[in-house]
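For this chain, numbers begin at 1 and follow the sequence in order.
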Amino acid sequence: MTENAFTRRDNDNGNGDSNGEDGGRGVGRMTGRGAGAAAGTVLVTSGTGKTGRRVVERLTALGVPVRSGSRTGEVPFDWQDASGWAAALRGARAAYVAYYPDLAVPGAAEAMATFGRTAEACGVRRVVLLSGRGEPQAVVAEEALRGAAGTVEVTVVRSAFFAQNFNEGALLDGVLGGEVVFPAGTTAEPFLDLDDLADVVVAALTGDGHAGAVYELTGPRSLTFAEAAEELGRAAGRPVRYVPVTGPAYASLLEEFGVSGPEAGFLAELFVTLLDGHNTATTEDVKRVLGREPKDFSVFAREAAGNGAWHG
């Protein structure tokens, strides 16, 4: 899965929601001038989403000219309307691609192929694609982009489950209510902090040596959702427990909250598939790119609590 309101998609609603942290951590060895020269103007698709706005903040801090694309923003960009992509890409030297609704959905591979052809035609030299870890259908979309992009350098960043789903995504209400309901069973997941993801994306956009690379990004350790709930509760100062449910039960719950039946079924099935244990292992790719360890989940939880995430 790439990124959605529930998991890893940029929830691009055009309003610049959330309270992101300042950028640059992990890429501090670059000067603004050097980074800007390497990247030129960068288009950030879904620029108001969870990952997109963090990438925008970091590029801006480095002095890189940025176009923040969104459906209603200054730079119009809508994944459902390819007619506007060339205008957003023209004159850009690089692009960060966070596809909505998900790289695993039908039509995503075709969209990626169209984007790749458009990017090459517009003179883009480098693309960094956000993808999902352990998603076979997402790999199909990755290959479609790579195959269509021609001479464009493509770097793929496959992410584990976002830690920020607990304070910026759909699991926030569960933490506030003391019960995190999810179809993860007892499977452990190496939750990734979005600050680390954004730092890797910016390094790949502005630095050399990333062309053709596929980075699988995880946190430094794997936790079950029950263990994660305990850490969240400890940081928030009140009990939070994990309530495991089946995929169909979770789909029904999503429908109760207004998600359409087909999307709810797709999401629930995807979560069950991804959380079957094949994504449990951690990787060294954050350290490989940034030269430091990724942020631990307990640190994320303390920082989120300190910023008032769970005061509601």
Side-chain angles (χ1 to χ4, degrees), residues 1 3 6-8 18-28 50-51 53-54 57-58 132-134 157-201 203 215-244 271 274-275 277-312:
M1 117 194 65
E3 190 173 355
F6 301 95
T7 52
R8 290 196 291 241
S18 300
N19 46 353
E21 297 179 20
D22 189 22
R25 186 172 52 80
V27 290
K50 288 195 290 293
T51 70
R53 66 178 175 77
R54 285 175 166 86
E57 289 168 358
R58 283 157 170 73
R133 188 171 180 238
V157 175
R158 296 175 182 163
S159 176
F161 198 96
F162 292 164
Q164 276 75 6
N165 287 322
F166 294 105
N167 70 324
E168 297 179 20
L171 299 181
L172 169 60
D173 287 344
V175 178
L176 291 173
E179 289 189 346
V180 174
V181 180
F182 210 69
T186 59
T187 299
E189 172 71 13
F191 298 99
L192 177 71
D193 191 282
L194 287 184
D195 288 339
D196 291 332
L197 184 148
D199 284 347
V200 169
V201 168
Y215 297 125
E216 295 210 1
L217 306 185
T218 73
R221 63 187 174 114
S222 296
L223 298 84
T224 66
F225 273 67
E227 291 168 337
E230 289 181 10
E231 298 246 16
L232 295 169
R234 190 157 38 246
R238 60 174 180 272
V240 178
R241 72 186 187 101
Y242 167 56
V243 180
F271 297 151
L274 293 176
L275 293 164
H278 75 280
N279 284 328
T280 294
T282 61
T283 74
E284 294 289 320
D285 280 358
V286 169
K287 185 175 182 179
R288 175 184 169 193
V289 176
L290 302 178
R292 60 165 175 78
E293 296 292 337
K295 187 186 298 184
D296 189 78
F297 188 83
S298 62
V299 176
F300 150 75
R302 289 196 299 270
E303 290 180 352
N307 290 330
W310 302 303
H311 285 175

Ala305 versus Ala235, closest heavy-atom pair with distance: CB-O, 3.3 Å
Parallel, tilted or perpendicular: which one describes the rings of Phe161 and Phe166, with boundaries at 30° and 60°? tilted
Could you note down all residue pairs passing salt bridge (Lys or Arg N to Asp or Glu O under 4.0 Å) where residues 217-227 supplies at least one of them, sequence neighbours left out? Arg221-Glu231, Arg221-Asp296
Sort out for me which residue in Arg288, Arg133, Arg158 forms a side chain to side chain contact (heavy atoms under 4.5 Å, CB included) with Thr283. Arg133
Give me the atom names and distance for the closest heavy-atom approach of Ser222 to Pro190. OG-CB, 3.5 Å
Find the distance between NZ (Lys50) and CG (Asn165) and round it off to the nearest 0.5 Å. 5.5 Å
Sorted by chain and number, sequence neighbours left out, ring-ring contact (aromatic ring centres under 6.0 Å, His included) with Phe300 holds for Phe297
Looking only at heavy atoms, the pair that brings Gly219 and Thr282 closest together is O-CG2, 3.6 Å
Between the OG1 atom in Thr218 and the CD atom in Glu284, the distance rounded to the nearest 0.5 Å is 8.0 Å
Does the side chain of Leu217 reach to within under 4.5 Å of the side chain of Val157, using non-hydrogen atoms? yes
Main-chain N/O of Lys295 paired to Asp196 side chain as donor or acceptor, under 3.5 Å: yes
Provide the closest heavy-atom pair for Arg238 versus Trp310 in the form atom of the first, atom of the second, distance. NH2-O, 2.8 Å
Main-chain N/O of Asp195 paired to Asp193 side chain as donor or acceptor, under 3.5 Å: yes
Could you list the residues that satisfy ring-ring contact (aromatic ring centres under 6.0 Å, His included) with Tyr215, not counting sequence neighbours? His210
Any chance you could measure Leu192, atom CG, to Gln164, atom CD, to the nearest 0.5 Å? 8.0 Å
Is the shortest side-chain heavy-atom distance between Thr51 and Val201 below 4.5 Å? no
Which heavy atom of Val180 sits nearest a heavy atom of Tyr242, and at what distance? O-CD1, 3.2 Å
Under a 3.5 Å distance rule, please check whether Asp285 uses its side chain to pair with a backbone N or O of Glu216 as donor and acceptor. yes
Is the backbone of Thr186 close enough, under 3.5 Å, to the side chain of Thr224 for a donor and an acceptor to pair up by distance? no
Of the non-hydrogen atoms in Leu232 and Ala301, which two are nearest, and what is the gap between them? CD2-CB, 4.2 Å
